[in-house]
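For reference, the structure is listed below as structure tokens.
Scope of the values below: all heavy atoms of this structure, side chains included, with no hydrogens, waters or symmetry mates. Order of the sequence lines sets the chain letters (A, B, ...), proteins ahead of strands, with each chain counted from 1.
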Amino acid sequence: MTPIYCDQAATSFPKPRAVIEAISSFLTNTSGSPGRSAHGYAIEAGRAVFEARETVADFFNCPSSEQVIFTANVTESLNLVLLGLLQSGDHVVTTSMEHNSVMRPLQYLKESGNVDFTVVSCDDQGRLDPENIQRALRPETRLVAVNHASNVTGTILPIEAVGEIKGNAFFLVDTAQSAGVIPIDMQEARVDFLAFTGHKSLLGPTGIGGLCLSKDIRLNPLKRGGTGSRSESWAHPDFLPDRYESGTPNTLGIVGLNAGIRFIQEQGLERIRAHELRLIRQMMEGLSGIKGVKIYGPRAADKKTGIVSLNIEDKSPSEVCLILDRKYGIMTRGGLQCAPIAHKTIGTFPGGTVRLSLGYFNTLEEVDQVIRAIYEISKM
Amino acid sequence: MKSAECKTIFIFDSVHYVLKAEKVLKKENIPCELIPVPREISSDCGMALAIDESAGGVAREKLAEHHLEFYIFRKAGKGYFKAPV
């Protein structure tokens, strides 16, 4: 039984050969500590980190590469903004499709830090009306936080439209599900904080993510420590990117991220998106015809990423996912996918859904096999 | 490499800016070399750019065009003196 990987939204698999080779080559040949020593290997490591920053800045149209901060993952990037920016009396506007990586820090800030937030409702397909964001703005609104695409339904949210109406508030966009899938121009969309992760559609390894800043914005850093700069001083550096990065970075992850984005740029984002649209259209057509299967999210493929959330009548998501995996070798994610509020929005709380998520390396043949498996399970 | 002799040393806030400067200068065909920051200048664990004195002026211009901030040091006997930018 050939395994079929349909959990790309959790982490992408496989990775491009170029990513594996870049990491392997770095580990074998020049694995030094960037920005610390001044010998050949450290310089190579420093160059690798610098080049990756330039690649990321170019990819998202971030004004300058020192405004690209590397973190461990998008959750850390989101925490850096939420915990670093917000102060007592601040207000945040967010949506009812957000992941726990936004909702949990906000909830913590509300309970302990006198920060208020408004959750703007999306419809039962996960779609956002930007006017609802505008209506929720207050004089004390410091931040608008929106995820670019839902990790439950794949619904793409209109960040450009939100950028136009957000007023004086800073704008945070969680691109965990959209980076590497749909084009993002942070200057055009007026994004102040673009949070990204390396291991999903950017096709890099786990353990690397980042935050792009629109300008030199002051956040309270999450950590302070050694940066390889101004070492004589106990005062943590004030300049970018060192202000928000301390300790040895995940150099291997950064090298892999760079290779992943370069791969995407070589293939072309349009080509990647076109392939995913073919997969999604076929999947939606095939599944819609099965009695007892309910699909959530937008019907039109171009309104979503490569995610299809569904339920089969009289079967729990965990049951379906187990059969899919054990009997058919089809790997999916069942339950709430760390986004309980999204499930409340689409009406699947607390049971959750079976989430199929496809990517550039999935094939139409695999889609057909998934459809057949879902059909057989619905008849069980 | 003769290290810092006959060269102007450009110092930056961190290795990020050193590498950015190197990229800018390489694009403009201004020869430069990455060297450890001379101990007489700083105890920082960092790198600096050593540039021929004759190219120092053009280098300063190009780096300023790219909004890069730096300090300049020139050799004086066994040590260095900080030159105006």
Give the interface residues of residues 16-25 of chain B toward chain A, defined by a heavy-atom separation under 4.5 Å. H16(B), Y17(B), L19(B), K20(B), E22(B), K23(B)
Residue R218(A) excluded, over 12 heavy atoms near CZ under 6.0 Å: yes
Within residues 56-72 of chain B, which residues come under 4.5 Å of chain A, heavy atom to heavy atom? Y71(B)
Residues, nucleotides or ligands: over 12 heavy atoms within 6.0 Å of E188(A) CD: no
